[in-house]
Amino acid sequence: MFTVCYNSGHCEPEPFPADEAILEIAEQVDPERLRASNEALVGFYTRHTYSDTASDERGIGAARRWLIDQYEEAGVNAERFHWQGRWENRPYPCYNVHAAIEGDEDEERMIILGGHLDSRTVDRNNNEDFAPGANDDASAICAELEIGRLLTEYDPGLTVILASFTGEEQGLLGSTALAEQIEDDEMLLAAMLNMDMIGRILDPDGEIDSTSVRCFSAGPADSPMRQLARYVKWIGEAYSDGITVNLIPALDRAGRGGDHRPFSDRGFSAIRIIETAEDVDYQHNEED
């Protein structure tokens, strides 16, 4: 990477030389397909981790099956990933949905693109009421699905895991289960990028911001997490047609957390990407 340094000593990397093949992939993202996927996820009424699993129309079970079907229709292998939950003081089997696109050059090394499939109301233990979760976090699941559809036409160098976690709203449970397995099995994780709430452009003051996102990463300044964040900014801005990636030197917003944390806590390069125009009035309730 070449850098340009100013008299102040502040250095910025030169613009990343974008690859035409990757630009072509980015240009194929279909907004209408993203919207249709989002509406389908909202249509399950609630995707609470401990909601209905038997219905074909409502609850987390129906949402999981729909997501797996969508991946398989696109030619992407997807399956459930079991982790042990607990509901009403009893053990309760829970599942993420993981889709995989094997690397063409080094299939043992992998990159995880994560988001959470579950949603919630104000009461995180309410598993019955309307919890649309269109932004938190169906927005990321739609992005993962679109990425999966596009990458099937190409051969990524490393294996890409598209992880749709559950249990996020109960304490990052599904992502913790995966991070523990990766650590215990000494798997080669190159990077984990968590997308959580990436769809809102109207901030609480009524201003529209559709041209920036925030990227959170844990310190210190030379940590693998901060290095990954800088890399995401350098690469991402080259392919995003004017979107700015604002680097935030913190693991997450104050008092909040996301599915990158279990990976970051274990020393893996992990970051969170989130909209800039966040509005808490449209989170964890029927307004999302």
Side-chain angles (χ1 to χ4, degrees), residues 34-71 78-99 114-145 162-178 194-200 202 204 252-253 255-259 261-262 274-275 278-288:
L34 288 167
R35 178 178 291 276
S37 295
N38 195 277
E39 290 175 350
L41 287 165
V42 169
F44 293 113
Y45 195 79
T46 178
R47 303 185 308 278
H48 189 282
T49 300
Y50 297 106
S51 59
D52 193 338
T53 60
S55 172
D56 289 330
E57 299 178 352
R58 178 169 171 158
I60 191 62
R64 283 194 304 251
R65 291 188 290 275
W66 174 86
L67 184 57
I68 290 173
D69 287 345
Q70 293 297 303
Y71 275 122
E79 59 186 19
R80 298 188 307 175
F81 173 88
H82 173 263
W83 57 271
Q84 189 62 53
R86 193 168 186 83
W87 181 249
E88 296 180 338
N89 296 318
R90 294 192 300 271
Y92 192 101
C94 297
Y95 302 90
N96 302 338
V97 172
H98 295 175
H116 68 92
L117 181 60
D118 61 313
S119 63
R120 58 170 281 193
T121 63
V122 176
D123 178 1
R124 70 176 185 176
N125 292 320
N126 183 337
N127 65 343
E128 295 183 357
D129 288 346
F130 186 44
N135 189 33
D136 185 14
D137 187 27
S139 58
I141 305 305
C142 297
E144 289 179 11
L145 186 54
L162 303 163
S164 300
F165 302 113
T166 53
E168 194 271 355
E169 300 290 8
Q170 287 72 45
L172 315 178
L173 303 180
S175 54
T176 297
L178 179 58
N194 178 36
M195 299 178 290
D196 194 347
M197 294 189 294
I198 59 172
R200 187 168 181 82
L202 185 65
D252 213 320
R253 297 100 74 232
R256 306 293 293 274
D259 286 314
R261 179 164 196 157
I274 179 175
E275 65 214 10
E278 182 181 6
D279 190 339
V280 296
D281 288 340
Y282 292 85
Q283 297 171 16
H284 301 165
N285 58 48
E286 63 183 16
E287 298 300 320
D288 183 1

Quiz prompt | Side-chain ion pair, Glu168 and Arg120, N-O less than 4.0 Å | solution = no
Practice problem: Please determine which of Leu173, Leu178, Ile141 meets the side chain to side chain contact (heavy atoms under 4.5 Å, CB included) test together with Phe165. | Solution: Leu178
Quiz prompt | Residues forming a side chain to side chain donor-acceptor pair (under 3.5 Å) with Thr49, sequence neighbours excluded | solution = Asp118, Gln170
Quiz prompt | Short side-chain donor-acceptor distance under 3.5 Å, Thr166 and Trp83 | solution = yes
Quiz item: At what distance, to the nearest 0.5 angstrom, does CG of Leu117 lie from CG of Leu41?
Solution: 6.5 Å
Quiz item: Quick check: does any side chain N or O of Ser139 sit under 3.5 Å from a backbone N or O of Ile198, one acting as donor and the other as acceptor?
Solution: yes
Self-check item: Asn38: partners by side-chain contact (heavy atoms from CB on, under 4.5 Å), with sequence neighbours left out
Solution: Val42, Ala134, Ala138, Cys142
Quiz item: Does NZ or CZ of Arg200 come closer than 6.0 Å to the centre of the six-membered ring of Tyr282, within 45° of the ring's axis?
Solution: yes
Quiz prompt | Check: Thr176 side chain, Leu172 main-chain N or O, donor-acceptor pair, under 3.5 Å | solution = yes
Exercise. Identify the two heavy atoms, one from Ser37 and one from Trp66, that lie closest to each other, and give their separation to 0.1 Å.
Key: O-CH2, 3.9 Å
Quiz item: With distance as the sole criterion, is a donor-acceptor pair present between the side chains of Asn135 and Gln283 under 3.5 Å?
Solution: no
Quiz item: Would you call Phe81 and Val97 a side-chain contact if the rule is heavy atoms closer than 4.5 Å?
Solution: no
Quiz prompt | salt bridge (charged side-chain N to carboxylate O under 4.0 Å, His left out) partners of residues 123-140, not counting sequence neighbours, each pair once | solution = none
Practice problem: Using the side-chain contact (heavy atoms from CB on, under 4.5 Å) rule, take His116 and Asn194 through it: C-alpha gap first, then chi angles, then the decisive distance, then the call. | Solution: CA-CA 9 Å; His116 68 92; Asn194 178 36; over 6 Å; no
Quiz prompt | Residues Ile274, Met195; criterion side-chain contact (heavy atoms from CB on, under 4.5 Å); working and verdict | solution = CA-CA 6 Å; Ile274 179 175; Met195 299 178 290; over 6 Å; no
Quiz item: Can you tell me if Asn96 uses its side chain to pair, donor with acceptor, with the backbone of His98 under 3.5 Å?
Solution: no
Quiz item: On the ring face of Phe44, is Arg58 found with NZ or CZ under 6.0 Å from the centre and within 45° of the axis?
Solution: no
Practice problem: Taking all heavy atoms of Ile60 and all of Arg47, pick out the closest pair and write down the distance. | Solution: CD1-O, 3.4 Å
Exercise. Find the distance between CD (Glu278) and CG (Leu202) and round it off to the nearest 0.5 Å.
Key: 13.0 Å
Exercise. Taking only Lys NZ, Arg NE, NH1 and NH2, and the carboxylate oxygens of Asp or Glu, determine whether Asp252 and Arg261 approach each other closer than 4.0 Å.
Key: no
Quiz prompt | Minimum-distance pair of heavy atoms, taken over all atoms of Gly258 and Pro262 | solution = O-CD, 3.8 Å
Quiz item: Listed by chain and number, what are the salt bridge (charged side-chain N to carboxylate O under 4.0 Å, His left out) partners of Asp196, not counting sequence neighbours?
Solution: Arg272
Quiz item: Closest heavy-atom contact between Glu57 and Ala62?
Solution: N-CB, 3.9 Å
Quiz prompt | Set of ring pair (Phe, Tyr, Trp, His ring centres under 6.0 Å) partners for Tyr50, sequence neighbours left out | solution = Trp87, Tyr92
Quiz prompt | Polar side-chain atom of Glu169 near backbone of Ser119 as donor-acceptor pair, under 3.5 Å | solution = no
Self-check item: Ser164 versus Glu144, side-chain donor and acceptor atoms under 3.5 Å
Solution: yes
Quiz prompt | Pairs meeting criterion salt bridge (charged side-chain N to carboxylate O under 4.0 Å, His left out) with involvement of residues 78-87, two or more places apart | solution = none
